[in-house]
*Asks:* 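One structure is given below, represented as structure tokens, and several questions about it will come after.
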Amino acid sequence: MGPKAKKSGKKKRKITKAERLKQLQEEEERRQKEEEEARVKYEKEEMERLEIQRIEKEKWHQLEAKDLERRNEELEELCLLEGCFPEAEKLKRDTRLLSQWKHYIQCDGSPDPSISPEINTFISLWKEETNETLEEVIAKSKLVLNQASTLADLDSGNMEKVIQDENVTLYVWANLKKNPRYKCVRFSETQIGFEIPRILATSDIALRLLHTHYDHVTPLRPVPTSLREYTATVNHLVKDEVKYEETVIDKELQEEGKQQENESNSVHEEETKFEEQSGSEVQTSFVQEDSEATKCELEMKLLSETVLSAQFLLIKNANEKPYIFEDNEVDLCQFTTLGGVYHLDVLELPPQCKPMKGWMIVELLKEGLQKYIYPPETTEDVETENAFPPIEVTLEVQENVIFFEDPMVARWDAEGKHWQTDGISNVSYKPEDRLITFSLETLGPVTLIQDAHINMPFQSWELTPLDVDKVLLTVTTVFTTIQIQIKENLCLLASITLSNKKQFSILEGKWMTPISFICALKEAGLNIFPSEHSHFYVVINYKDPLIEMKAYRQLALLSSAFAFGWSKWNIVCSSNKVIIKV
């Protein structure tokens, strides 16, 4: 064996203790320097944040000061409005009724004699505006169908078009190829569409789906007869009482004047002539001011009693239902329409453009678009069930509407002027995709309905003070928990919780007046407000209206300082007692 090879390379030099201490010192200095830089950066960011908070606080103080400056002017305006209050009471009542029944207005209905002429005029203008909007949309569909051949899809050969507005969405499909295999109609980028039978797939037809996000079909509910008679009686009593008090005051003034005249005769005529005249003028002016103040107090007292009596009517249960509903007719006292109206139509395809020697030739029809009658009226020689099966429809539920259970489908009966549930089959609902599918024997206006009392009776409620004249109302039902902030004469939807999952709504964070707030919640499917007929559909513990109204007033007076809640003992006590937790 040969000699071992020598190891190449230099040996690694050992680090001395002094060098190690020097490295540790450098690392410590570097760490301290980084910490100092981070501390300076943090202090700078904190100073910037505090400066932003200071600026925002100054702006807020400026807004508060400006608001305080305007408060005196607003108080003067309120005093003037209070002086005009008695005269405007009837118009305010009609406006309140219109606000509550806004979504019950029918476009082609006649004026309601139970409502004042001012409100009927407003309803007529609203109907005209709605009709103009729908006419514009229908005109667009006519224009699209006349040009269907030029807008045809390259893959299917048929035409489809979606026109979307703020409150109206239009879907149009034209059958240009008449392919019997093409029965499933789905509009692009949506699941909305139709499943048409073979006979329609081979016909010159067009399908139109017009979705109005508001309900303009359901007739306006008339004012209850008891409310009209009661309001007229109260107004008559108020006028009679005011006239009577004016007569009494005039008699008292005359008697005081005669008594003063008799007393003045006992004094020397020449010495007391001027004093008597001046004294009588001062006393007369004082008595007149006193009479005006008495008259104003009397009117306010009578008005307060009138408002209190009207509130009693709101919480008083009706003795009987207002209408008798037929079979398959939707009881609008029990159910409510949600998500607007879907107008489904089968139309005859108008003549299309044909190129000829460099020209585009088209036949123009004077009568416009015509409806395709399906199934046809004469079906003697054909088995209707096999030849004309129902049309399957898939609709998308409006995202701003909440359904706690599977929605029911209703169709509009043009002859009876009401919603019906017959002629509809195979209803299925996918809550994750918000899609509802059903079969219709005949196309026409349809809507989705839900039980108006699905959240009644409440499981619990709490009224918690937040600030001066500001409280939080929490209502817990079987399906949801709703939190509402109330500040003076405004309401705000704070949060909605469905099955321990927070639900977002476009109404959250918006301050509204009570009537507008109630209407908005009802239109969104969050109805927690009973009506005069709710006791027919919900099991309740009847309470005397006078005691109930007094309890509400005491709750309102103390709600800024005390927290209130429901009590399990309230349901077992008598009708002349109200038990709550404080």
Side-chain angles (χ1 to χ4, degrees), residues 101-115 120 123-124 126-128 130-131 133-135 137-138 141 194 197 200 205-212 214-223 321-348 367-380 382 384-385 387-393 395 407-427 436 438-450 452 533:
W101 298 335
K102 176 180 63 176
H103 56 291
Y104 292 117
I105 297 175
Q106 182 183 359
C107 291
D108 56 351
S110 57
D112 192 343
S114 62
I115 304 178
N120 271 321
I123 292 174
S124 301
W126 187 88
K127 292 175 183 177
E128 290 176 4
T130 305
N131 284 329
T133 305
L134 295 180
E135 287 175 0
V137 175
I138 293 173
S141 64
F194 303 85
L200 291 180
I205 62 159
L207 298 175
R208 182 176 65 192
L209 167 57
L210 175 60
H211 179 205
T212 57
Y214 50 87
D215 182 2
H216 63 283
V217 176
T218 307
L220 176 67
R221 290 184 181 178
V223 181
K321 293 183 181 181
Y323 309 108
I324 298 176
F325 297 94
E326 300 177 356
D327 295 339
N328 299 318
E329 182 180 353
V330 177
D331 183 358
L332 292 178
C333 294
Q334 180 181 4
F335 298 96
T336 181
T337 62
L338 292 178
V341 180
Y342 302 85
H343 299 262
L344 310 173
D345 295 305
V346 183
L347 305 174
E348 294 181 1
E367 58 273 10
L369 297 177
Q370 298 294 316
K371 287 190 175 182
Y372 184 92
I373 300 175
Y374 179 86
E377 297 178 354
T378 56
T379 57
E380 296 178 356
V382 185
T384 308
E385 295 182 358
F388 305 102
I391 301 175
E392 185 179 291
V393 183
L395 301 177
M408 294 180 286
V409 185
R411 66 175 184 86
W412 178 249
D413 184 5
E415 295 181 359
K417 301 294 182 183
H418 55 251
W419 295 103
Q420 289 192 176
T421 55
D422 60 338
I424 303 169
S425 58
N426 302 327
V427 181
I436 185 167
F438 54 91
S439 299
L440 270 178
E441 296 179 0
T442 304
L443 295 186
V446 298
T447 189
L448 306 180
I449 60 176
Q450 180 176 253
H533 302 105

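A quick note: this is a predicted structure, and the numbers were derived from the prediction, not measured.
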*Asks:* Can you see which heavy atom on Ile391 is nearest to which on Pro197, and at what distance?
*Replies:*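 Answer, listing the atom of Ile391 first, then Pro197: CG1-CD, 4.1 Å.
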*Asks:* In Å and rounded to the nearest 0.5 Å, what is the CH2 to NZ distance from Trp412 to Lys417?
*Replies:*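 The NZ atom of Lys417 is 6.5 Å from CH2 of Trp412, to the nearest 0.5 Å.
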*Asks:* Tell me if the CD atom of Gln420 is crowded by more than 12 foreign heavy atoms within 6.0 Å.
*Replies:*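 Check passes, neighbour count above 12.
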*Asks:* Once rounded to the nearest 0.5 Å, what's the spacing between atom CG of Asp345 and atom CD of Gln370?
*Replies:*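 The CG atom of Asp345 sits 12.0 Å away from the CD atom of Gln370.
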*Asks:* Nearest 0.5 Å, what's the OG1-CG distance between Thr337 and Leu332?
*Replies:*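 So the OG1 of Thr337 and the CG of Leu332 are separated by 7.5 Å.
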*Asks:* Side chains of Val446 and Val341, heavy atoms from C-beta outward: is any pair under 4.5 Å?
*Replies:*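 SC-SC contact between Val446 and Val341 ruled out.
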*Asks:* So, do Pro407 and Leu338 sit near enough that their side-chain heavy atoms are less than 4.5 Å apart?
*Replies:*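 SC-SC contact between Pro407 and Leu338 ruled out.
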*Asks:* Pick from Asp422, Thr447, Val330, Thr421: which one makes a side-chain contact (heavy atoms from CB on, under 4.5 Å) with Arg411?
*Replies:*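 In the set Asp422, Thr447, Val330, Thr421, the residue that makes a side-chain contact (heavy atoms from CB on, under 4.5 Å) with Arg411 is Asp422.
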*Asks:* Using a 4.5 Å cut-off on heavy atoms from C-beta on, say whether the side chain of His343 contacts that of Thr212.
*Replies:*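 Counting from C-beta outward, Thr212 and His343 do come under 4.5 Å.
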*Asks:* Just so I know, are the side chains of Leu347 and Lys371 near enough to count as touching, which here means a heavy-atom distance under 4.5 Å?
*Replies:*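 In contact.
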*Asks:* Start with the C-alpha gap between Leu443 and Val393, add the side-chain angles, then the distance that decides, and say whether side-chain contact (heavy atoms from CB on, under 4.5 Å) holds.
*Replies:* CA-CA 9 Å; Leu443 295 186; Val393 183; 4.3 Å; yes
*Asks:* How many angstroms lie between atom CG of Leu209 and atom CG of Leu344, to the nearest 0.5 angstrom?
*Replies:*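 With rounding to 0.5 Å, CG (Leu209) is 5.5 Å from CG (Leu344).
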*Asks:* How many angstroms lie between atom CG of Asn426 and atom CZ of Phe438, to the nearest 0.5 angstrom?
*Replies:*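 The CZ atom of Phe438 is 11.5 Å from CG of Asn426, to the nearest 0.5 Å.
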*Asks:* Flag the pair Leu440 / Val409 as yes when at least one side-chain heavy-atom distance between them is below 4.5 Å, and no otherwise.
*Replies:*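 Side-chain contact under 4.5 Å: no.
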*Asks:* When you compare the side chain of Phe194 with that of Leu200, does any pair of heavy atoms fall below 4.5 Å?
*Replies:*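 Leu200 vs Phe194: side chains apart.
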*Asks:* Ignoring hydrogens, what is the shortest heavy-atom contact between Phe388 and Pro376? Give both atom names and the distance.
*Replies:*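 Minimum heavy-atom contact is CE2-CD, 3.4 Å.
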*Asks:* Hey, can you tell me if Tyr342 and His211 have their rings parallel, tilted or perpendicular (30° and 60° cut-offs)?
*Replies:*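 Tyr342 and His211: parallel rings.
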*Asks:* Going from CG on Asp331 to OG1 on Thr336, what distance comes out if it is rounded to the nearest 0.5 angstrom?
*Replies:*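 Those atoms lie 11.5 Å apart.
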*Asks:* Does Val427 offer a backbone N or O that forms a donor-acceptor pair with the side chain of Ser439 under 3.5 Å?
*Replies:*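 No; judged by distance alone, with no hydrogens or angles, the pair does not exist.
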